[in-house]
Amino acid sequence: MLWGMIPFWHQGDFKKHGLSTNNCRLEHMMNSKLFKGPFARGQRCVVVCEGFYEWQTTKSAKPSERPAFYIYMPQKEGLQMHNKSTWQFDLEKDNEKMEPKVKLLKLAGLFDVWVDEKGDKIYSYSIITFESSKVMSWLHHRMPAVLETDEEVAQWIDYKKYSNEEAMKVLKPVAKLGWHKVSKLVNNSRQRSKDCNKPFKESSKGKITSFLAIRKRKEEQIKKDLPMSDDEIDEDFFDEYKPKRRRFSDSDQE
DNA sequence: CCAGACGTTGTT
DNA sequence: GTCTGG
DNA sequence: CCAGACGTTGTT
DNA sequence: GTCTGG
């Protein structure tokens with residue numbers, strides 16, 4: 001499904017729709033021309049994800065200088081969201097269920113189905129947001145609706161069993177979240193590096209300053225599939241990983 | 001009635 | 001400065 | 001939100 | 001599709 005709900009009545013290329021419908025303000029949902037229909041029809045969905053990024057809005061900082069954070073569900077001691085090798089199955093306890101130890105975020109959303117000229121269905125969704133509780137207000141004034149229990153998930157997604165009114169009751173601020181600061185690597189939305197969610201520390205203490213030394217270390221760690229430690233992450237290093245400039249339109253290619 | 005919007009993030 | 005793509 | 005584009009002449 | 005502004 002695409003992030004950014006495309007209403008079924010949308011005219012023209014769905015790709016031109018943009019991300020303006022990526023979120024649905026809960027305060028507006030019931031009287032919104034865009035969202036009231038999908039909600040009334042029970043088009044509720046759950047967006048399962050490892051985490052999301054948010055920039056801290058500080059009045060002094062320029063937009064590009066705003067600190068970026070990775071946000072996720074609180075995890076057990078020792079489990080690192082940025083290091084999948086710590087997500088292993090607990091074979092003794094969960095052998096039958098085969099559930100990973102990692103807790104994923106489950107965000108409440110609304111979806112719609114758009115049909116193109118060929119009759120192909122395009123599914124897309126919006127994530128519901130509301131004013132931040134103190135869990136997130138230190139970082140940002142809006143936060144997504146997080147579903148915490150299986151019961152809440154069922155109540156949101158099972159539109160046959162639960163009324164719209166009952167579903168609304170699960171939309172409340174999450175009790176607790178996990179988070180850590182990340183580098184500016186994530187500022188470019190075209191970036192696809194797995195390093196986007198690695199912890200970042202600004203302390204220059206023990207920082208490796210030579211780019212070649214950092215790259216060598218990095219290559220070794222990739223080979224061994226080891227995580228980067230905080231002190232080894234350097235913003236200058238990440239500059240090298242920035243994506244290439246895009247081409248213009250196809251007609252400009254020789 | 002018809003035309004045009006339908007939304008959010010953010011900012012001051 | 002302002003708009004688009006992600 | 002942030003990053004990056006923002007354009008025309010002409011040619012094959 | 002449905003609502004608002006003119």
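So that the names make sense, note that chain A is the first sequence line, chain B the second, and so on, each numbered from 1.
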(message) Taking 4.0 Å as the cut-off, does a side-chain nitrogen or oxygen of A:R142 come that near to OP1 or OP2 on B:dT9?
(response) yes
(request) Using Watson-Crick or G-U wobble geometry with both distances below 3.5 Å, tell me the partner of B:dC2, or none. (result) E:dG5
(request) In whole angstrom, give me the gap between the P atoms of D:dC1 and B:dT12. (result) 10 Å
(message) Taking the C1' atom in each of B:dT9 and D:dA3, what is the distance between them to the nearest angstrom?
(response) 15 Å
(message) In whole Å, I'd like the distance from the CG atom of A:N22 to the P atom of B:dG7.
(response) 13 Å
(message) With a 3.5 Å cut-off and heavy atoms only, can you find an N or O donor on one side and an acceptor on the other between the side chain of A:S20 and the base of B:dG7?
(response) yes
(message) So A:W87 and A:E50, do their side chains get closer than 4.5 Å, heavy atoms only?
(response) yes
(message) Between P on B:dT8 and CE on A:M29, what's the gap in Å once rounded to a whole number?
(response) 11 Å
(request) For the side chain of A:N188, starting at C-beta, report the closest nucleotide among C:dG6, D:dG4, E:dG1. (result) D:dG4
(request) May I ask you to say whether A:E152 pairs ionically with A:K172, meaning some side-chain N is under 4.0 Å from a carboxylate O? (result) yes
(request) Calculate the interatomic distance between A:F35 atom CZ and E:dC3 atom C1'; express it in whole Å. (result) 16 Å
(message) Measuring to OP1 and OP2 of D:dC2, would you say a side-chain N or O of A:R66 lies under 4.0 angstrom away?
(response) yes
(request) Quick one: do A:M1 and A:S124 satisfy side-chain contact (heavy atoms from CB on, under 4.5 Å)? Show the steps, please. (result) CA-CA 5 Å; A:M1 294 175 79; A:S124 58; 5.9 Å; no
(message) What I'd like to find out is whether the side chain of A:Q75 reaches to under 4.5 Å of the side chain of A:V102, using heavy atoms alone.
(response) yes
(message) Would A:K198 and A:S183 count as a side-chain contact (heavy atoms from CB on, under 4.5 Å) here? Give the steps.
(response) CA-CA 8 Å; A:K198 297 294 183 288; A:S183 81; over 6 Å; no
(message) Under a 3.5 Å cut-off for both contacts, is D:dG7 paired Watson-Crick or G-U wobble with anything, and if yes, with which nucleotide?
(response) none
(message) Rounding to an integer number of angstrom, what distance separates D:dC2 and B:dT11 when you compare their C1' atoms?
(response) 14 Å
(request) Check the side chains of A:N187 and A:R66 for a donor-acceptor pair under 3.5 angstrom, ignoring hydrogens and angles. (result) no
(request) Kindly state whether the pair A:Y53 / D:dC1 counts as stacked, where counting means centroids closer than 5.5 Å and planes tilted less than 30° apart. (result) no
(request) Let me know the distance between CD of A:E54 and P of B:dT9, rounded to the nearest Å. (result) 10 Å
(request) Name the closest nucleotide to the A:N187 side chain, picking from B:dA5, D:dA3, C:dG5. (result) D:dA3
(request) Specify the separation, in whole Å, of atom CG of A:L34 and atom P of B:dT8. (result) 8 Å
(request) Starting from P on B:dG7, measure out to CZ on A:F14 and report it in whole angstrom. (result) 21 Å
(request) Give the nucleotide from the list E:dG1, B:dG7, B:dT9 with an atom nearest to the side chain of A:T129. (result) B:dT9
(request) Provide the distance between the two P atoms, one in C:dT4 and one in D:dT8, to the nearest whole Å. (result) 16 Å
(request) Using the P atom as the reference point in each nucleotide, state the distance between B:dA5 and D:dG7 in Å, no decimals. (result) 22 Å
(request) Please tell me which of the listed nucleotides, E:dT2, B:dT11, C:dG5, lies nearest to the side chain of A:S189? (result) C:dG5
(message) Check this one for me: any side-chain N or O of A:R25 less than 4.0 Å away from OP1 or OP2 of B:dC6?
(response) no
(message) Just the rounded figure in Å: distance from P of B:dC6 to NZ of A:K36.
(response) 15 Å
(request) Consider only side-chain N and O atoms of A:N83 and A:Q80, and report whether a donor and an acceptor are under 3.5 Å apart. (result) yes
(message) Using a 4.0 Å heavy-atom cut-off, does A:R41 contact any base of the nucleic acid, only the sugar-phosphate backbone, or nothing at all?
(response) nothing
(request) Would you mind classifying the nucleic acid contact of A:S126 as base, sugar-phosphate or nothing, using non-hydrogen atoms under 4.0 angstrom? (result) nothing
(request) May I have the distance from A:H141 (atom NE2) to D:dC1 (atom C1'), rounded to whole angstrom? (result) 11 Å
(message) Below the 4.0 Å mark, does B:dG7 have OP1 or OP2 next to a side-chain nitrogen or oxygen of A:S32?
(response) yes
